[in-house]
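What follows is a single structure, written as structure tokens, with notes after it.
The model shown is predicted, which means the values in this text are computed figures rather than measured ones.
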Amino acid sequence: MRVVCTVINDLIQDQRMERICGSLTHAGHDVTLVGRELPDSLPLPERPYRQHRVRCKYLTGKRFYLEYNWKLVKQLNSWDFDVVCSVDVDTLAAGAALTRASARRLVFDAHEWFHMTPEVVDRPLIRGFWRGLARALAPRADLRYTVAPRLAGRLAEDYGVPFSTVRNLPLRKRPPERATERKIILYQGMLNPGRGLEEMLSAMRDLPDCELWIAGHGPLLGELRRCSERMKIAGRVSFLGFIRPEELPALTDQAWLGLNLLDAVSPSYYYSLANKALDYLQSGLPSLQMNFPEYRHIQEQYGCYVLLNELTADTIVTAVRRLSSQPRTYEALQSACLRAAEDLCWEREEEVLLALWQKLR
């Protein structure tokens, strides 16, 4: 099949879509991934599928979403394809328009519970708009899936149609010979609200033997830098900026502990299964995770995480100190991570993806 996948980002750091588009291409589909071009977008790397960027006049807000979806429809409508895969609700309007009254099929890949994300959940009018749009358009899709089983259940309840699951599992990698002399704590991902970064900086004041590496960019960057300076911990906090996905494993291999701290105020976060939580496993890296359903389920299976019941500086400090003072506990977590990594890898999950897409034929 000729497939067009649409996302709202600039394609550089979307590891989920890189894996999905690669698997669909290797299975014989003709795939094009479409995103947007930003003023600071880096050159696109070579991929086994085609990539296309759309340039917009507006970069944020209502005008941007309207312009981007309009340009998707305008540009893609003349293309020759069989299936549109709309990633998240913010490209779903274009997908529905492109497949309306035609033989084209629509796939909805929901990476998150869009109107329940931290940026939207406390804004009633905007939340209501995105929820209404999703409830109206999700039933039109011929195939729907999301990133985690429990999130699939909540989306099904909210939108009134069933969702399957394709988890955000990383490619299998050979684990490193890990050296843990330096207590490097690693966060990788977007610097967005609700990621526990402020709490982690506060915890660093009571963890003088630790370094914090923050790999990523986002709207909180300036505030986090100022916070580290105000707390007088800037010398132990490194802001590494954007790291290309193919370079992240080498960085992860240097860390002593990984972070995936999320605020439960966002139901989307509460039911999520983040890439980084699984990337850490592939490097045999113990990590702090919230005691949310998906992470608790993995912990019950493999015993590979340290779960926090609440997101505070004190709970972070207690967990880090315990690991630092109990080397046998740390080594047991390392071994559990490597066992989990054998099962929780994309080489297995892509079979789920391809089985779902086979239903569209």
Side-chain angles (χ1 to χ4, degrees), residues 13 40 118-119 176 178-245 247-266 269 274-277 279-280 283-292 295 305-327 329-331 333-334 337:
Q13 60 182 346
D40 58 351
E119 297 83 357
R178 184 170 298 286
T180 58
E181 289 81 5
R182 294 171 66 186
K183 295 293 190 296
I184 297 170
I185 301 174
L186 173 67
Y187 171 84
Q188 57 187 55
M190 293 296 295
L191 310 187
N192 285 338
R195 302 291 180 97
L197 294 169
E198 298 93 334
E199 290 82 359
M200 186 65 228
L201 288 177
S202 295
M204 287 294 292
R205 292 180 296 185
D206 296 317
L207 298 170
D209 296 331
C210 295
E211 303 172 49
L212 176 61
W213 289 4
I214 299 177
H217 62 82
L220 290 185
L221 176 59
E223 181 180 336
L224 294 173
R225 284 186 183 275
R226 291 189 292 271
C227 185
S228 68
E229 293 168 358
R230 186 171 61 252
M231 294 179 178
K232 302 186 186 309
I233 57 171
R236 293 186 291 113
V237 179
S238 298
F239 292 92
L240 306 179
F242 169 71
I243 305 295
R244 286 181 177 272
E247 298 171 355
L248 272 175
L251 187 70
T252 307
D253 290 349
Q254 300 176 58
W256 173 74
L257 185 67
L259 294 178
N260 180 37
L261 305 178
L262 298 167
D263 194 333
V265 71
S266 165
Y269 281 0
N275 288 356
K276 63 179 71 68
D279 291 337
Y280 297 146
S283 287
L285 179 65
S287 58
L288 300 186
Q289 309 284 338
M290 301 310 299
N291 192 8
F292 295 170
Y295 309 112
Y305 290 146
V306 176
L307 298 181
L308 302 184
N309 290 322
E310 58 180 346
L311 179 56
T312 66
D314 288 341
T315 57
I316 295 170
V317 170
T318 299
V320 173
R321 284 178 174 172
R322 184 169 64 248
L323 279 184
S324 185
S325 64
Q326 298 177 2
T329 299
Y330 183 86
E331 291 169 3
L333 282 169
Q334 282 184 308
C337 287

Those residues that, when tested against F242, pass ring pair (Phe, Tyr, Trp, His ring centres under 6.0 Å) (two or more places apart):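 Ring pair (Phe, Tyr, Trp, His ring centres under 6.0 Å) check on F242 returns H217.
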
Taking the side chain as everything from C-beta on, heavy atoms only, tell me whether [X] gets closer than 4.5 Å to [Y].
| X | Y | value |
| --- | --- | --- |
| V237 | I214 | yes |
| E199 | T312 | no |
| T252 | D279 | no |
| M200 | L212 | yes |
| R321 | L207 | yes |

Listing request: all ring-ring contact (aromatic ring centres under 6.0 Å, His included) pairs with a residue in residues 184-215, at least two apart in sequence or in separate chains.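 Residue pairs passing ring-ring contact (aromatic ring centres under 6.0 Å, His included), neighbours aside: none found.
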
Using the salt bridge (charged side-chain N to carboxylate O under 4.0 Å, His left out) rule, collect all pairs that involve residues 220-238, keeping only residues at least two apart or in two chains.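 Those involving residues 220-238 do not exist here.
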
Verdict with supporting geometry, V320 and K183, side chain to side chain contact (heavy atoms under 4.5 Å, CB included): CA-CA 10 Å; V320 173; K183 295 293 190 296; over 6 Å; no

Quick one: does any side-chain atom of Y280 pair with a main-chain N or O of Y305 as donor and acceptor, under 3.5 Å?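 No, the answer is negative, given that no donor and acceptor are paired below the 3.5 Å cut-off.
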
Under the criterion side chain to side chain contact (heavy atoms under 4.5 Å, CB included), I'd like the reasoning laid out for N260 against Y295: C-alpha separation, chi angles, the key distance, then a yes or no. CA-CA 10 Å; N260 180 37; Y295 309 112; 3.2 Å; yes

What pairs with D209 under side-chain hydrogen bond (donor to acceptor under 3.5 Å, both in side chains), at least two apart in sequence or on another chain?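 side-chain hydrogen bond (donor to acceptor under 3.5 Å, both in side chains) check on D209 returns nothing, list empty.
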
With sequence neighbours excluded, residues passing side-chain hydrogen bond (donor to acceptor under 3.5 Å, both in side chains) with T329: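 Scan of T329 (side-chain hydrogen bond (donor to acceptor under 3.5 Å, both in side chains), adjacent residues dropped) gives Q326.
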
Mind checking salt bridge (Lys or Arg N to Asp or Glu O under 4.0 Å) for E211 and listing every partner two or more places apart, or none if nothing turns up?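 E211 satisfies salt bridge (Lys or Arg N to Asp or Glu O under 4.0 Å) with R182 only.
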
